[in-house]
Every structure is written in C-alpha cells, then in structure tokens.
Amino acid sequence: MSDIQFCKRCLYPTTHPLGLTLDDEGICSGCRVHEEKDSLDWPTRWTKLEDLVEPYRDKSGKNYDCIVPVTGSQDSYYIVYLVKEKLGLNPLLVTYNKYFNTPLGIKNLANLRIRFNCDILYQNVNPVSVKNIVRTTLRKLGSIYWPILAGQTVFPVQTAVRYKVPLIIWGAHQGLEQVGMFSHEHEVEMTRRYRKDHDLMGYEVDDLLSIFDTLNEEDVWQYRYPDDRDLNDIGVRGIYLGNYVRWDPKAQHEQMTKCYDYQTSEFPRTFDCYDYVDCFNYMGLHDLLKLYKHGYSKVTDHASREIRFGRLTREQGLALVREHEQKSIKYLEQFCDWLGVVPRAL
Ligand SMILES: [Zn+2]
C-alpha cells in the first residue's frame, strides 16, 4: 500500500477506481483537464451544441425531440433547464425508481416536471427482482448501487429505441470530471462500452447471471442494453452537456434552488448539501462501502471538486474530509430489513 500517491493539488489518490495519473509536477489528470474549464471558448462550444441538436427537432409535432434521464437530485434540474429553456427542445423525461427515495427526492422530482412542464416516464422494476440483484452485487461487487446505476443508464436507452427518439441528453460524465480520462474536446458520447466500463464496474447484467444461479432471466432482462441493430436502426446517440457547457455543479445547484425551488438537505458525511438528496442510502451505506473499497468517500469527491474550482484550499478540503469521513451512517437497519439480511452479515 505504500506506493499510493496523492495529487498535489486535489485530494485524489492514484488508486482512484476510474484510473488517474500524475504528471511530472505531481498534478493529476483530473486537475489538468479541469484547467480546460478556464481555457476553452465556451460560447463557441455552446454554438456547437446548438448545431448538434438541431437535426433532432421533431418536425411532425407527434414525437419528442430528445430523452432526458432525471432523478430528484443531482444535476437533473440544470440539465432540463438547459434542454428546455436554453436549447428550446421538447424532452421526454425518464426516471428509474431507485427504491431508496427520500420524501425530499420525490418532491423535487414532482416539482421538476411541473415547473418545466414536461412529460415523464417512470420505470418501476418489481421489488423481488431488484432485491435479488442487490443481494448479488453486494456479495460479488460490494455494491448496493449497481442495479440503480444499471437501471438509470439503461432505461433511457431502451426508451429511445421504443419511442424512436434517437437523441439522449446526459449531464456531465465522471470519467472527465473526476479523473480527466478525456478532454472536453474529445466530445465523448455515452455508449454500451462506456456504461459497462465506468458506470457498471465492468459487469453487464448477463455477467451476474452466469456467475450466480440465484438470479433468473426474469430478474435481469430489464437491465439489458438494447441490441446494436436496434440502436443503429434508430440512430441512438447519447451526448454529455458537460462537453459543451462549463460544468460547475455547486453554482448550478444554487441557481436552480433560487430560480426553480430545487430543495437541498444536509448530510453528516459530507459538506455538500446538493447531491443525492433523493436517496436514503447513497450518502449512507453506499458511501461507507465506497470508503471501505477505495479508501476515500464522497466527501473527497466534493472537496476535490471545490479545490479545483478554487473555492477551497487543499488544507481546507483535507480538514472537511477529516471532519466528515468517519461519521456514522443512518438507515442501515431499514436497508437490511428491506433486503431481508441481518446487519452483521455486512
Ligand atoms: Zn488532482
């Protein structure tokens, strides 16, 4: 473990699960790509985005212009704001029920569709199948969130195929934002491969099926990515707004709170009160598992982001990590009750 190194600017270790490199000056790839936020010509990039979406406007008046995946937190408000108010598109919002919904998240999601006056589709996978997959991924990957990530990243793509709406518009992607895996100028798009490698820890749902006999076809089929033939027939593509807009979650959340009544919540395990307010477990058990597996938790993500934006010094960020990282978690008992396991088995 002695060869773990840390970026001299932010707080990330070289063991970051998305992969991160340090340059000669000891600065990480994530910090270097972040510098682009202050050097790129963002008005020109916005024009590029406008040109990109233009051909996807539905001329018939009988279909949507694009699909936008949303939740009751994170960047959803800002994404819909850009798509509807700034690009003037008519989106179909889609949301996957994560099962760990807080009342605040439910309220935020309802307010989102009402304030922006959008149609929305909800997907609820049955609880028995969801629990079967959570048990499997908890045991195999140490993750309670895999099915949620799988559902959130596949339902929009399935909907694009079913509704024949080829353009899917996502927010930012963590491979760029956290570790600088790509430049903004690479204009990376969401694909089957990107989802498997970065969102799903290298596992498709069929990989779980082949390892464990506790899962059946009826549990997993809703998490399967559409066939290439169907994707190609419709011309499905998923773009990230973060490649075309100077992405700044804190500033965006503050704007959405002020203008559209996005509501926030405090968490013991981090100082950011904007992310994941819709979930009982993301900043709880999921965050603790992240600390166990990777040696750091969400507060390090938040602090590193704020250091890069120059709103915290490295010392202030480190102090916030030390203050929050070891805070105890809530709702473990409720989660275990729901899953049907005893807490000590964790
Ligand atoms: Zn860094």
Side-chain angles (χ1 to χ4, degrees), residues 16-19 67-71 74 94-100 121-163 165-179 181-182 186 188-240 279 281-282 286 289-290 293-294 339:
H16 192 298
L18 292 178
I67 306 273
V68 176
V70 295
T71 68
Q74 285 168 284
V94 295
T95 190
Y96 168 85
N97 180 5
K98 70 168 73 65
Y99 272 83
F100 308 144
L121 277 184
Y122 288 75
Q123 187 196 39
N124 284 296
V125 175
N126 71 81
V128 170
S129 291
V130 168
K131 289 176 194 182
N132 278 343
I133 302 178
V134 172
R135 275 189 216 100
T136 301
T137 58
L138 181 57
R139 196 169 32 164
K140 172 71 184 166
L141 310 170
S143 174
I144 63 167
Y145 237 74
W146 190 95
I148 297 171
L149 295 170
Q152 286 177 341
T153 51
V154 82
F155 179 51
V157 185
Q158 292 164 342
T159 305
V161 171
R162 283 177 196 146
Y163 278 70
V165 177
L167 182 64
I168 307 171
I169 302 185
W170 303 85
H173 56 110
Q174 295 312 314
L176 184 156
E177 297 291 326
Q178 291 192 7
V179 299
M181 189 184 295
F182 314 101
H186 290 148
V188 168
E189 299 196 1
M190 197 275 200
T191 60
R192 178 197 307 279
R193 178 71 191 269
Y194 186 92
R195 171 178 179 263
K196 180 183 178 184
D197 289 353
H198 306 304
D199 294 320
L200 304 185
M201 308 165 202
Y203 289 84
E204 290 272 13
V205 79
D206 284 294
D207 301 324
L208 303 175
L209 193 62
S210 57
I211 297 168
F212 294 100
D213 44 321
T214 51
L215 280 180
N216 299 310
E217 173 66 20
E218 69 236 37
D219 295 323
V220 304
W221 69 274
Q222 301 220 60
Y223 295 89
R224 205 169 273 141
Y225 211 76
D227 288 341
D228 282 337
R229 198 187 53 196
D230 290 337
L231 295 170
N232 291 334
D233 282 353
I234 310 290
V236 174
R237 66 188 291 196
I239 63 167
Y240 293 102
C279 185
N281 292 319
Y282 192 94
H286 174 71
L289 291 170
K290 176 175 165 124
K293 277 188 293 184
H294 302 305
L339 194 61

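Nothing fancy with the numbering, it's 1 onward along the sequence.
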Step by step, would you call V205 with V154 a side chain to side chain contact (heavy atoms under 4.5 Å, CB included)?
CA-CA 11 Å; V205 79; V154 82; over 6 Å; no

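Here K290 pairs with D301 under the salt bridge (charged side-chain N to carboxylate O under 4.0 Å, His left out) rule; sequence neighbours left out. Partners of R192 by salt bridge (charged side-chain N to carboxylate O under 4.0 Å, His left out), not counting sequence neighbours, listed by chain and number: D228. In this structure R193 satisfies the side-chain hydrogen bond (donor to acceptor under 3.5 Å, both in side chains) test together with D197, sequence neighbours excluded. Qualifying side-chain hydrogen bond (donor to acceptor under 3.5 Å, both in side chains) partners for Q178, counting only residues two or more places apart in sequence or in other chains: H16, Q174. With sequence neighbours excluded, the residues that form a side-chain hydrogen bond (donor to acceptor under 3.5 Å, both in side chains) with N97 are N101, N124.
Relative orientation of the H186 and F182 rings is perpendicular, given thresholds of 30° and 60° on the angle between their planes. Between Y223 and Y96, the ring-plane angle classifies as perpendicular under the 30° and 60° cut-offs.
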Show me the donor-acceptor pairs, under 3.5 Å and distance only, between side chains in residues 146-153 and residues at least two apart or in other chains.
| from | atom 1 | to | atom 2 | distance (Å) |
| --- | --- | --- | --- | --- |
| W146 | NE1 | L200 | O | 3.0 |
| T153 | OG1 | L149 | O | 2.6 |
| T153 | OG1 | A150 | O | 3.2 |
| T153 | OG1 | R195 | NE | 2.8 |

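Minimum heavy-atom separation, A160 to V236: CB-CG2, 4.1 Å.
Few gaps surround OH on Y99; more than 12 heavy atoms of other groups in view lie less than 6.0 Å from it.
Between L176 and V188, the closest side-chain pair of non-hydrogen atoms is not below 4.5 Å.
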